[in-house]
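Single-structure report; data block below.
Both counts, for ligands and for their atoms, begin at 1 and track the order of listing. What you are looking at is a predicted structure, and each value in this text was computed from that prediction instead of being measured.
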Amino acid sequence: MTTMTNADQYEVIGGGFTEPLLAAAAITTGDRILDIGCGYGATTRAAALRSGSGLALGNDVNPAMVAAARESSAGIPNVTFEAGDAQIHPFPDGGFDVAVSRFGVMFFADPVAAFANIGRALRPGGRLAIAAVGRPEDNDLPALLASAIPGADNVHALSDPAYLTAVLDDAGFTEITVSPVATTITLAGGPEQAAGFLSEWGAFRDFLAPERHATVIAALARAAQPFRTGRGIRLRSSAWLAGATRPPSHHPRMP
Ligand SMILES: C[S@@+](CC[C@H](N)C(=O)[O-])C[C@H]1O[C@@H](n2cnc3c(N)ncnc32)[C@H](O)[C@@H]1O
């Protein structure tokens with residue numbers, strides 16, 4: 001049993017991508033930032049800090065996570081949170097200078113419509129910077145989870161950089177760049193501890209039926225075995241960092 005909060009667990013898994021994401025977002029003082037699928041709000045708070053006199057709004061479809069993010073951000077005047085489905089949420093038109101997301105944009109039923117909705121929330125010339133889970137062969141964690149529960153590796157919707165580029169293009173963005181970024185996820189202890197950690201992590205727990213708990217933990221521990229090192233379970237983690245711009249003035253596309 002881990003003593004970490006779920007918010008801490010998300011940082012163990014995704015924390016290595018915060019700095020590259022925020023560097024790509026090129027936030028400047030006064031920027032108004034929208035953080036899509038913000039989860040517990042760590043990136044929202046980090047983005048707000050970089051914006052100085054600006055502000056950051058964290059959006060997430062999960063109201064419980066939004067409530068927890070709000071609680072952790074109490075006292076930070078330029079951070080707010082709002083629950084809503086980013087695919088259709090009525091963000092203020094042109095209300096933000098920058099939209100960011102650390103792994104919150106890979107679960108859309110219609111990615112083009114969703115990114116078009118996010119694009120509308122940006123002012124003309126506003127920037128998008130997202131991290132999306134990279135190719136399956138460069139990521140150990142999704143396969144490890146799926147070996148215990150088939151389907152638990154549902155994070156690869158934007159793993160093909162050509163498809164990711166096409167989605168952003170179809171959604172109306174310009175100046176699209178996609179570059180790889182990689183880090184290592186370290187889970188403390190041996191395979192059993194790693195299995196315990198993962199079985200409690202919110203992103204996986206949803207897949208875990210209580211009556212299968214023991215079986216799944218055993219399967220996770222077996223799958224973690226090959227990644228055992230003297231410094232814990234070490235997993236390769238790779239993402240695409242995509243940058244894009246809402247065109248300065250919006251011209252409808254020619255057919
Ligand atoms: C892998 S988690 C990443 C959370 C957070 N960005 C982080 O890096 O810790 C994905 C997040 O996206 C959110 N999400 C999924 N679909 C969404 C949607 N349609 N609109 C808004 N948030 C969504 C989930 O609730 C979840 O918090």
Hey, which residues fall under 4.0 Å of ligand 1 on heavy atoms?
-> Tyr10, Gly37, Cys38, Gly39, Asn59, Asp60, Val61, Asn62, Met65, Gly84, Asp85, Ala86, Gln87, Arg102, Phe103, Gly104, Phe107, Phe108

Does Phe17 have its ring centroid less than 6.0 Å away from the ring centroid of Phe103?
-> yes

Without placing hydrogens or testing angles, list every side-chain donor-acceptor pair under 3.5 Å for residues 59-74, not counting sequence neighbours.
from: Asn59; atom 1: OD1; to: Gly37; atom 2: N; distance (Å): 3.4
from: Asn59; atom 1: ND2; to: Gly84; atom 2: O; distance (Å): 2.9
from: Asp60; atom 1: OD1; to: Asn62; atom 2: N; distance (Å): 2.8
from: Asp60; atom 1: OD2; to: Cys38; atom 2: N; distance (Å): 3.3
from: Asp60; atom 1: OD2; to: Gly39; atom 2: N; distance (Å): 2.8
from: Asn62; atom 1: OD1; to: Ala64; atom 2: N; distance (Å): 3.0
from: Asn62; atom 1: OD1; to: Met65; atom 2: N; distance (Å): 3.2
from: Arg70; atom 1: NH2; to: Phe81; atom 2: O; distance (Å): 2.8
from: Ser72; atom 1: OG; to: Ala68; atom 2: O; distance (Å): 2.9
from: Ser73; atom 1: OG; to: Arg45; atom 2: NH1; distance (Å): 2.9
from: Ser73; atom 1: OG; to: Ala69; atom 2: O; distance (Å): 2.7

Identify whether the distance between the nearest side-chain nitrogen and carboxylate oxygen of Glu19 and Arg50 falls below 4.0 Å.
-> yes

Asp31: what forms a salt bridge (charged side-chain N to carboxylate O under 4.0 Å, His left out) with it, not counting sequence neighbours?
-> Arg127

Apply side-chain contact (heavy atoms from CB on, under 4.5 Å) to Ile217 and list each qualifying residue two or more places apart in sequence or on a separate chain.
-> Ala195, Ser199, His213

At their closest point, which heavy atom of Asn117 faces which heavy atom of His89, and how far apart are they?
-> ND2-O, 3.0 Å

